[in-house]
There are 2 protein chains.
Amino acid sequence: MAADSSSRNSKRVTITDVARHAGVSTAAVSKVMRNAYGVSPAMQERVRTAMTELGYRPHAAARGMRGRTYTIGVLLDNLRNAFFADVLDGIHEELEDSEYTVLIGAAGFGADEQARTIRSMVDRQMDGLVLIAPGTPRAEVLSTAEVTPTVVIGHHDVSEVHDSVVDADDVGAGLVVDHLVSLGHRDIALVSAAGSRTARWQRTPEIALADGYLRAMERHGLAGHARVHHAAYSDEGGHAAGLALLSGGRRPTAILTGADVAALGIYRAADELGMSIPDDVSLVGYNNTAIASLAPVQLTSVDQAGRTMGATAARMLIERVEGRRDRSMRTTMTPRLVVRRSTGAPGVP
Amino acid sequence: MAADSSSRNSKRVTITDVARHAGVSTAAVSKVMRNAYGVSPAMQERVRTAMTELGYRPHAAARGMRGRTYTIGVLLDNLRNAFFADVLDGIHEELEDSEYTVLIGAAGFGADEQARTIRSMVDRQMDGLVLIAPGTPRAEVLSTAEVTPTVVIGHHDVSEVHDSVVDADDVGAGLVVDHLVSLGHRDIALVSAAGSRTARWQRTPEIALADGYLRAMERHGLAGHARVHHAAYSDEGGHAAGLALLSGGRRPTAILTGADVAALGIYRAADELGMSIPDDVSLVGYNNTAIASLAPVQLTSVDQAGRTMGATAARMLIERVEGRRDRSMRTTMTPRLVVRRSTGAPGVP
DNA sequence: GTTCGGATGGAGAACGTTCTACACGCCCCT
DNA sequence: AGGGGCGTGTAGAACGTTCTCCATCCGAAC
């Protein structure tokens with residue numbers, strides 16, 4: 001009896017049980033659940049007590065066959081970028097008092113794997129999707145958005161079919177360059193992800209960042225000193241970029257990166273080369289994730305208010321899911337520079 | 001026509017469409033999909049080409065009504081503990097060539113919220129669940145496991161209804177104490193999470209850790225010096241614990257924590273108190289997450305092989321889901337100490 | 001006292017699968 | 001020739017909801 005694995009089929013309480021127990025029709029119970037129109041207070045009461053008495057929980061898969069599943073899917077590429085945790089916090093915060101459940105698909109960096117994950121979320125009849133800087137081709141996202149309400153976080157491309165939440169990455173890059181220039185730096189390099197051109201996104205966060213960086217350098221008359229190096233947003237990516245930049249000939253005195261985690265890879269490279277931060281080279285991250293503020297790290301970074309972005313995305317998504325809005329929209333956040341100990345005046349060469 | 005939101009109802013390709021297109025019954029198509037018994041190679045061929053020609057994708061919710069959903073749910077408390085990312089990597093690795101999709105529920109630390117998340121995974125008819133150190137009452141987990149195959153990671157309690165994957169945390173604590181004693185430390189404190197007794201788990205990872213710590217201290221004749229301080233496994237939790245321990249009277253010369261992230265909070269506290277690591281106090285983390293190896297951090301830590309734990313859990317789970325095993329089992333991993341720069345000989349007082 | 005109309009509840013058909021039963025044809029064995 | 005078995009395919013009933021009608025009731029207006 002104890003570990004009876006056939007008890008897997010022990011009956012669930014269904015809507016029919018509730019209906020019978022309350023002495024009403026299943027249709028009535030369904031109406032109460034969805035608090036649809038045409039239910040008397042007495043009926044409400046009766047059904048609700050029946051539901052709690054039986055411990056009824058609706059069968060999400062069955063609901064998905066006709067109506068909603070009350071599930072929101074979030075796509076992200078990897079769990080190690082703490083910025084995503086901030087965004088997720090915002091999403092949860094916004095949705096915690098609703099009846100929606102948030103499920104996360106961590107798809108990795110590959111476009112194919114991400115596409116597969118998106119598709120399986122659609123196939124599971126999720127009511128809405130939040131895609132954080134998807135690496136899949138734009139067309140794929142657009143066709144998804146036509147079927148399921150979708151909010152894209154990160155990419156600046158606007159679309160009629162999905163909503164967007166972005167950070168003014170170009171402004172953020174400008175803030176950093178201004179800060180570094182005011183400290184006396186001139187040789188400022190940017191390390192960012194290679195914006196996947198093939199995916200047909202016109203303005204990924206990386207592209208916006210590079211734009212802002214180049215314009216700021218120009219503004220300070222430093223266009224000739226500008227240098228962009230591509231690297232994956234991971235510790236390894238940053239490490240490789242750091243080695244390349246810091247052991248090369250014309251060595252930058254300051255490096256700006258598109259992600260904190262990559263900045264830490266550069267930190268490691270500098271360490272290996274016997275250089276110290278910020279004495280030999282200044283370092284700036286992006287996203288102001290929790291690691292940036294850690295005591296031994298103290299990384300100057302750009303805050304994107306990930307939590308707010310997540311909450312906003314969730315709110316916009318629910319509006320769409322519940323049909324309260326049918327026009328697409330985009331929200332733009334303003335970044336803020338957080339200065340810590342990883343930046344300082346350039347050392348005398 | 002462009003952003004026609006009513007095209008949301010544009011017909012999906014269903015099994016019926018495939019059947020008609022291939023000139024067979026829907027039952028036959030279903031069999032092919034599940035590669036069930038009783039299908040000729042010719043039928044296979046015919047149906048498969050029909051499926052690709054139409055671009056058919058099975059409707060997961062509908063499948064969930066009768067059979068599998070091919071979905072595995074993973075519960076974790078927060079996304080910021082990088083150890084979970086390792087576990088997830090292992091799970092994905094094991095499942096990437098299968099047709100299962102992994103969906104993550106990030107439920108936060110609250111027992112209620114975790115319970116809600118577990119329930120919604122069950123309600124979504126997920127085929128199997130991986131629960132990483134759940135904070136919900138044990139009874140809740142047991143009743144879930146009776147309905148859905150479940151693997152619990154972390155808790156040492158064995159059960160007939162679910163499988164387990166654990167790390168020998170007591171051994172890990174012993175390794176750390178040995179290491180610290182060999183460096184000359186005697187006042188070694190442990191900072192761990194408060195094992196939630198109310199939840200009725202007999203051996204949470206925290207309890208096992210504390211056990212191992214106390215036994216090791218005894219073994220070295222240092223039972224009198226043992227001290228356990230409780231704190232949440234977060235930066236803030238570690239910070240508070242660090243302040244309490246390091247500004248108190250009998251100050252430890254070394255601190256062992258149950259999570260890297262908490263160790264970094266202690267780091268911050270030490271920093272604020274003007275103490276340096278490892279000169280004034282040695283610090284050891286747990287899990288050997290990516291942050292431990294970061295250049296500016298270099299935290300001595302205990303490696304739990306999270307990736308392997310995840311892969312093992314996934315393999316065990318699928319065995320259960322597919323009915324290839326009906327007895328519960330437990331896998332135990334052996335931890336390994338990774339010495340970095342955060343530990344050293346105690347300073348002369 | 002009819003008729004109308006709004007408010008409420010219910011019947012029953014979807015929804016897209018899986019799964020149980022069974023039918024059919026074929027071969028092999030008595 | 002008759003039967004038994006196996007291999008292959010199909011019919012049709014679930015599964016637990018939602019949703020579209022439709023029926024009924026009750027009060028108000030004529």
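Letters A, B, ... mirror the listed sequences (proteins, then strands); counts begin at 1.
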Measure from the side-chain N and O atoms of B:Arg124 to the backbone N and O of A:Thr69, and report whether any donor-acceptor pair falls under 3.5 Å. yes
Quickly work out the A:Met65 CE to C:dA14 P distance and round it to whole Å. 13 Å
Where each residue is assigned the nucleotide of DNA chain C containing its nearest heavy atom, which of A:Thr26 and A:Val39 is assigned the position nearer the 5′ end? A:Val39
The answer to which of A:Tyr37 and A:Val24 contacts DNA chain C further toward the 5' end, by nearest nucleotide, is A:Tyr37
On the nucleotide C:dG16, are OP1 or OP2 found under 4.0 Å from the side-chain N or O atoms that A:Arg66 carries? no
B:Asp127 side chain to B:Ile72 backbone, donor-acceptor under 3.5 Å: no
Respond yes when some side-chain nitrogen or oxygen of A:Tyr56 is under 4.0 Å from OP1 or OP2 of D:dT17, and no when none is. yes
Nearest to the side chain of B:Ser40, which nucleotide is it out of D:dT8, C:dT17, C:dC15? D:dT8
Between CD of A:Gln44 and P of C:dT8 the distance, given in whole Å, is 11 Å
Given D:dG9, D:dG16, C:dT17, identify the nucleotide with an atom nearest to the side chain of B:Thr14. C:dT17
OP1 or OP2 of D:dT17 under 4.0 Å from side-chain N/O of A:Ser30: no
Any B:Arg34 side-chain N or O less than 4.0 Å from OP1/OP2 of C:dT17: no
Of the listed nucleotides (D:dT10, C:dG12, C:dA14), which one gets closest to any side-chain atom of B:Ser25? D:dT10
Verify, without hydrogens or angle tests, whether A:Asp163 (side chain) and A:Met329 (backbone) share a donor-acceptor contact under 3.5 angstrom. yes
Which one, C:dG9, D:dT18, C:dT17, comes nearest to the side chain of A:Lys31? C:dG9
Looking only at D:dC15, C:dG9, D:dT18, the nucleotide nearest the A:Met43 side chain is C:dG9
Value in whole Å for how far the P atom of D:dG16 lies from CZ of B:Arg63: 18 Å
Within the distance-only criterion (no hydrogens, no angle test), does the side chain of A:Arg57 pair as donor or acceptor with the backbone N or O of B:Ser120 below 3.5 angstrom? no
So B:Ala27, base contact, sugar-phosphate only, or nothing? Heavy-atom distance under 4.0 Å. base
Tell me if a side-chain donor or acceptor on B:Thr136 pairs with a main-chain N or O of B:Gln114 at a distance below 3.5 Å. no
Expressed in angstrom and rounded to an integer, what is the separation of A:His59 atom NE2 from D:dT18 atom P? 12 Å
Closest approach to the side chain of B:Ala62, judged atom by atom: which nucleotide of D:dT18, D:dG16, C:dT17 is it? C:dT17
